[in-house]
There are 2 protein chains.
Amino acid sequence: MAKKVLNRRERERERHRAEILRAAEEVFTEKGFHGASMQDIAEQAEFAVGTLYKFFTGKEDLYHALFLEKVRKIDALVGKGMDSETEPVGKLKRLIEVNLRVVEEYKKFFGLYLREIMGKFPVSPATQPQIRRLRNQIVKRVAEVIKTGIKKGVLRKADPRAMTMVLLGMLRGSAFIWVEGRHKLTLKELTEMVKKMFFEGALAEGK
Amino acid sequence: MAKKVLNRRERERERHRAEILRAAEEVFTEKGFHGASMQDIAEQAEFAVGTLYKFFTGKEDLYHALFLEKVRKIDALVGKGMDSETEPVGKLKRLIEVNLRVVEEYKKFFGLYLREIMGKFPVSPATQPQIRRLRNQIVKRVAEVIKTGIKKGVLRKADPRAMTMVLLGMLRGSAFIWVEGRHKLTLKELTEMVKKMFFEGALAEGK
DNA sequence: TCACACAATGAATCTTCATTCACATTATAC
DNA sequence: GTATAATGTGAATGAAGATTCATTGTGTGA
């Protein structure tokens, strides 16, 4: 019986932790790291400030935890997407689709995400290296796929690293511009455009 | 715009202002807006804190001034680059070249720049709209060039807005990835790759 | 029912700066 | 040379907000 009681407690605790993370996501995505106060987050979570410190050692730690949780989820989605195809071109198409779909799903979080992976000044020193490591796995995978595509003769002969850089840059950049705003474009249209441009380029046929 | 002739005092003052801006650039690019203190900047500039306030109304104002100065310079370069060509494809090529060259020249500043134009949470509320306005001019110009290219039949028939988005995204994103890091690629190689990819795509000939 | 472990609370504390301002220094005018 | 104006100074101020901790509340097992 003692064990069951403990379980209950533990589950409760876990739920509270998750609630705090949800609140933190809300507030951080709304106001950014520096604009968000622990007060804000506590209120959003309907806990007292002190309580947050029972779960996380501080503001940075909370941010860090939120970040890892999200990035893991995103990377898993992207990875699974690529797994679902066998041929290089198919894999790359899925990469583009999933990437942009994720952007939509995590639209609010995306602003934070990009600032963190892109800039220096990581909010928490521990966050960036971990995220980088996760990201590097994706980069390597994409480069590998492109290399295979070249070997098979379906992709143009060029430095795979550079192609990877351009492709990922294209995804990141256009997603950003899309999130930014005033677009009448649907995400679907953007996805199609990115695919077309990446594979076939901007020049008219035969030019 | 006859620049008013400045007497000794006024010139001195102008020089001091510029020195403070230089120091601010140093410190902000090093530590980011929130990581930089007025103390830091003052020390770097070899002035007392109080002095900074004789030139700028506050930290935000200083940041804002620095930003505008830089962005104006960058945009002028890009604009001039495009002016130097007459044909759409030539203009776009110049756009790519100049853009990436600027990235190299302003490498340190670039991190700040992107965070500011990209994210919400602008550091100073006044900065973002102004920068956006400047940026929009470039976007419009590029879209116009692309539209002309399509009309002339040298670019594929597609939504010019979307193409613009992808092209600018590609530039921004790949520049970022380049700045980020561990690249063996020279900027020249990256530039070539972006051009090739944008115009011709990734697929092998005849595929 | 009681006692006890654990969870939650939030006012009080501690830190970190941005900003100010009374004063000192220097340059210019007369 | 003295008066006046402009510049520069940096210790003192105040505000914001992260963190702590003494206290209060609650569910659990006897």
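Fair warning: this is a prediction, and the values are worked out from it, not measured in the lab.
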Q: Send over the distance from B/Lys31 NZ to C/dC17 C1', rounded to a whole Å.
A: 13 Å
Q: Figure out the CD/C1' separation between A/Glu14 and C/dC6, and round it to whole Å.
A: 17 Å
Q: Could you please spell out the steps behind the ring pair (Phe, Tyr, Trp, His ring centres under 6.0 Å) verdict for A/His34 and B/Phe33?
A: CA-CA 10 Å; A/His34 295 287; B/Phe33 181 80; 8.7 Å; no
Q: Kindly write out the residues that satisfy salt bridge (Lys or Arg N to Asp or Glu O under 4.0 Å) with B/Glu189, not counting sequence neighbours, or none if the list is empty.
A: none
Q: Under the side-chain contact (heavy atoms from CB on, under 4.5 Å) rule, collect the residues that match up with A/Asp75, sequence neighbours excluded.
A: A/Val71, A/Leu134, A/Ile138
Q) Separation of A/Arg11 atom CZ from C/dA7 atom P, in whole Å? A) 15 Å
Between protein and nucleotides 24-30 of chain C, what N or O pairs are separated by less than 3.5 Å?
none

Q) Can you find a pair of side-chain heavy atoms, one from B/Val166 and one from A/Met170, that are under 4.5 Å apart? A) yes
Q: Please report, rounded to the nearest Å, how far the C1' atom of C/dT16 is from the NE2 atom of A/His34.
A: 13 Å
Q.
The criterion is side-chain contact (heavy atoms from CB on, under 4.5 Å); which residues satisfy it with A/Glu87, sequence neighbours excluded?
A. A/Lys152
When the side chains of residues 142-151 of chain B are checked against the rest of the protein, which donor-acceptor pairs come out under 3.5 Å, sequence neighbours left out?
residue	atom	partner	partner atom	Å
B/Thr148	OG1	B/Glu144	O	2.9

Every protein N/O lying under 3.5 Å from an N/O of nucleotides 8-16 of chain D:
residue	atom	partner	partner atom	Å
D/dG8	OP1	B/His16	ND1	2.6
D/dG8	N7	B/Lys54	NZ	3.2
D/dT9	OP2	B/Ala48	N	2.9
D/dT9	OP2	B/Thr51	OG1	2.9
D/dG10	N7	B/Gly50	N	3.4

Q: Apply side-chain contact (heavy atoms from CB on, under 4.5 Å) to A/Gln39 and list each qualifying residue two or more places apart in sequence or on a separate chain.
A: A/Ser37, A/Glu43, A/Val49
Q: Apply salt bridge (Lys or Arg N to Asp or Glu O under 4.0 Å) to A/Asp40 and list each qualifying residue two or more places apart in sequence or on a separate chain.
A: A/Lys31
Q: Whole angstrom is fine here: how far is it from CD in A/Glu10 over to P in C/dA5?
A: 18 Å
Q | Between C/dC17 (P) and B/Leu62 (CG): distance, integer Å | A | 16 Å
Q. Please give, in whole Å, the distance from C/dA7 P to A/Glu19 CD?
A. 15 Å
Q: For A/Tyr106, check ring-ring contact (aromatic ring centres under 6.0 Å, His included) against everything at least two apart and list the hits.
A: none
(Q) Using whole Å, what does the distance between atom C1' of nucleotide C/dT19 and atom CG of B/Asp61 come to? (A) 13 Å
Q: Check side-chain contact (heavy atoms from CB on, under 4.5 Å) between A/Gln130 and all other residues, then give those that pass, not counting sequence neighbours.
A: A/His64, A/Leu68, A/Arg72, A/Arg133
Q: Could you list the residues that satisfy ring-ring contact (aromatic ring centres under 6.0 Å, His included) with B/Phe109, not counting sequence neighbours?
A: B/Phe67
Q) In residues 36-45 of chain A, what residues come within less than 4.0 Å of DNA chain D, judged by heavy atoms? A) A/Ala36, A/Ser37, A/Met38
